[in-house]
Amino acid sequence: MAPPAVLMVGTGEYTTGYVGGAASGSDKKVGVVGLTLFDLRRRGKVGDLSMVGVSGKKFPGIRDHLHKNITQVYNNLDTSFTSYPSDTSTDPDAYKPAIDALPRGSAITIFTPDPTHYPIALYAIERGIHVLVTKPAVKTLPEHLALLAAARKNNVFVFIEHHKRFDPAYSDARAKAQKLGDFNYFYSYMSQPKFQLETFKAWAGKESDISYYLNSHHVDICDSMVSENWTPYRVNASASKGTAVELGCVPETEDTITLLVDWRHKSKPGKVATGVYTASWTAPERAGVHSNQYFHYMAANGEVRINQAKRGYDVTGDDSGLAWINPFYMRYSPDEEGNFGGQTGYGYISFEKFIDAITALNEGRVTLDDLDKRPLPTLKNTIATTAILHAGRVSLDEGRAVEIVQGKGGEGWELK
């Protein structure tokens, strides 16, 4: 069977590294999605590649950027792709003809503003196209459950790009946590510097918030560590404001959001645990890292602490100052033969696991049930994450605690 064709939906920083007519100022100067898929095509794991955005007028600049920063850096790596819409037009619905051009069993990646995830994913699912969508999968619990039902009906695999699951330290911590007894307490923090709001200004505070964008990582990590025996049942959210607004964001934009989540043991009445998840996009401009990220997990018989901001690797330049580097996410340096050499980065691994899964599903070697049984961020395995993030937004908007209610057997999730 031929390797699957892949359509990249969204042409921004994470896909191409091209922002505002130039390379991004973040640590993703050549993107993640495009580079990974170009290399997977070189390795024979994917077939035809295409890309769709709202404005086709960006594509000449994107192609020049990719040729200069990828093709000329990694042994003439092929960065060709079919683009939608044309280079002279603008079309917010261009993803529809782009998806229609794909044969069944192909795949799309969705890296677009949060409110667009649901309609794009549903359109693809209903046409037999597998979906990898950036976190958050969707903004509301009903949308998540609707996508799950549609994916099951059409035998389509939907994978949420929670790449922190594949960080070797986080993955190892998840395994070790299983031997430490009952969950008791989890605290996490994740941040990005204020200049990132320049990239996000078009949607920050209007279409989504920093909790959806960053808390989603650690909420998912915590859930993946405890979900076999624990379920969330109440969320209280708190937020600070002011800095983002002073930087030109809309008045509703929160700087830092904290979610306080109560968890209940599924089979031991009276056993409860606490999760505290904090995210900010107003960290200092020169923090030394693009993303601070750490957590503390405490259980009945032990605890785990991880600080992934400082990996024991720092580089100092006269202009850039001191920076702590994270090559474990995306390693952009070429290998000894001059090819892209970042296949062991957990950012890359996340996409490769998705491609391997849909290839196995297309060939009949696995079922959706088989994939759900693996510790992968599938739609079924991330319901609690969406429920917590959605409840947090409702809590902020309505100034109250929000209950997460499930029916018997974990079915019928809803917020109250």
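Just so it is clear, the values below take in all heavy atoms, side chains as well, and ignore hydrogens, waters and symmetry mates. Counting begins at 1 with the first residue of the sequence.
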Query - Under the side-chain hydrogen bond (donor to acceptor under 3.5 Å, both in side chains) test, residues paired with Tyr348 that sit two or more places apart - result: Asp39, Arg43

Query raised in the report: Checking side-chain contact (heavy atoms from CB on, under 4.5 Å) against Val402, which of Asp397, Leu396, Val394 comes through?
Result: Val394

Has the side chain of [X] got a donor or acceptor atom that lies under 3.5 Å from a matching backbone atom of [Y]?
X      : Y      : answer
Thr274 : Asp262 : no
Thr16  : Thr11  : yes
Asn75  : Leu77  : no
Thr116 : Pro113 : yes
His218 : Ser188 : no
Ser216 : Tyr212 : yes
Asn381 : Asp372 : yes
Asp314 : Ala323 : no
Gln192 : His290 : no
Lys139 : Glu207 : yes

**Report entry** Residues Leu49, Arg41; criterion side chain to side chain contact (heavy atoms under 4.5 Å, CB included); working and verdict
**Finding:** CA-CA 8 Å; Leu49 295 178; Arg41 179 171 61 185; 3.7 Å; yes

Query raised in the report: Hey, does the Lys NZ or Arg CZ of Lys135 hover above the aromatic six-ring of Tyr213, less than 6.0 Å from the centre and inside 45° of the axis?
Result: yes

Report task. Answer yes or no for Arg63 and Phe81: cation-pi contact, defined as NZ/CZ to six-membered ring centre under 6.0 Å and angle to ring axis within 45°. Result -> yes

Rounded distance (nearest 0.5 Å) linking atom [atom1] of [X] with atom [atom2] of [Y]:
X      : Y      : atom1 : atom2 : result
Ile383 : Leu141 : CD1   : CG    : 7.5 Å
Leu197 : Glu246 : CG    : CD    : 12.0 Å
Thr79  : Leu35  : OG1   : CG    : 10.0 Å
Leu259 : Asn236 : CG    : CG    : 10.0 Å
Leu37  : Thr109 : CG    : OG1   : 6.0 Å
Asp64  : His67  : CG    : NE2   : 8.5 Å

Between [Y] and [X], do the side chains contain a donor N or O and an acceptor N or O under 3.5 Å apart?
X      : Y      : value
Glu285 : Gln196 : no
His130 : Asn362 : yes
Asp255 : Thr282 : no
Ser238 : Thr258 : no
Glu254 : Ser240 : no
Lys164 : Gln293 : yes
Ser86  : Ser89  : yes
Asn154 : Glu126 : no
Ser280 : Thr256 : yes
Thr367 : Asp370 : yes

Is any side-chain heavy atom of [Y] closer than 4.5 Å to one of [X]?
X      : Y      : value
Asn155 : Leu368 : yes
Ile355 : Val6   : yes
Met51  : Thr15  : yes
Asp78  : Arg42  : no
Ile108 : Ile120 : yes
Ser83  : Asp87  : yes
Pro136 : Thr386 : no

Requested in this report: Could you go through the side chain to side chain contact (heavy atoms under 4.5 Å, CB included) check for Tyr74 and Tyr332 one step at a time?
Outcome: CA-CA 10 Å; Tyr74 303 114; Tyr332 288 106; 3.7 Å; yes

Requested in this report: Look at the rings of Phe295 and Phe186 and say which category their plane angle falls in: under 30° parallel, 30 to 60° tilted, over 60° perpendicular.
Outcome: parallel

Query raised in the report: Do the ring planes of Tyr329 and Tyr346 sit parallel (below 30°), tilted (30 to 60°) or perpendicular (above 60°)?
Result: tilted

Query raised in the report: Which is it for Asp172 and Lys176 under the salt bridge (Lys or Arg N to Asp or Glu O under 4.0 Å) test, yes or no, and what are the steps along the way?
Result: CA-CA 6 Å; Asp172 192 59; Lys176 286 182 168 54; 2.8 Å; yes

Indicate every side-chain donor-acceptor pair of residues 97-106 with a distance under 3.5 Å to a residue at least two apart or in another chain.
residue: Asp100; atom: OD1; partner: Tyr123; partner atom: OH; Å: 3.0
residue: Asp100; atom: OD1; partner: Arg127; partner atom: NE; Å: 3.4
residue: Asp100; atom: OD2; partner: Tyr123; partner atom: OH; Å: 3.0
residue: Arg104; atom: NH1; partner: Arg127; partner atom: O; Å: 3.4
residue: Ser106; atom: OG; partner: Pro103; partner atom: O; Å: 2.7

**Report entry** Criterion side chain to side chain contact (heavy atoms under 4.5 Å, CB included) on Ile221 and Asp167, from CA distance to verdict
**Finding:** CA-CA 10 Å; Ile221 288 297; Asp167 181 315; over 6 Å; no

Check the surroundings of atom [atom1] in [X]: do more than 12 heavy atoms from other residues, nucleotides or ligands lie under 6.0 Å from it?
X      : atom1 : answer
Tyr313 : OH    : no
Lys194 : NZ    : yes
Asn339 : CG    : yes
Glu228 : CD    : no

Verify the ring-centre separation between [Y] and [X]: is it less than 6.0 angstrom?
X      : Y      : result
Phe59  : His65  : no
Tyr297 : Tyr187 : no
Tyr84  : Tyr95  : no
His217 : His163 : yes

Report task. For Lys266 and Asn229, run side chain to side chain contact (heavy atoms under 4.5 Å, CB included): C-alpha distance rounded to whole Å, both residues' side-chain angles, the deciding distance at 0.1 Å, then the answer. Result -> CA-CA 5 Å; Lys266 294 178 180 178; Asn229 295 309; 5.6 Å; no

**Report entry** Evaluation steps, salt bridge (Lys or Arg N to Asp or Glu O under 4.0 Å), between Lys206 and Glu252
**Finding:** CA-CA 7 Å; Lys206 295 182 248 184; Glu252 310 91 88; over 6 Å; no

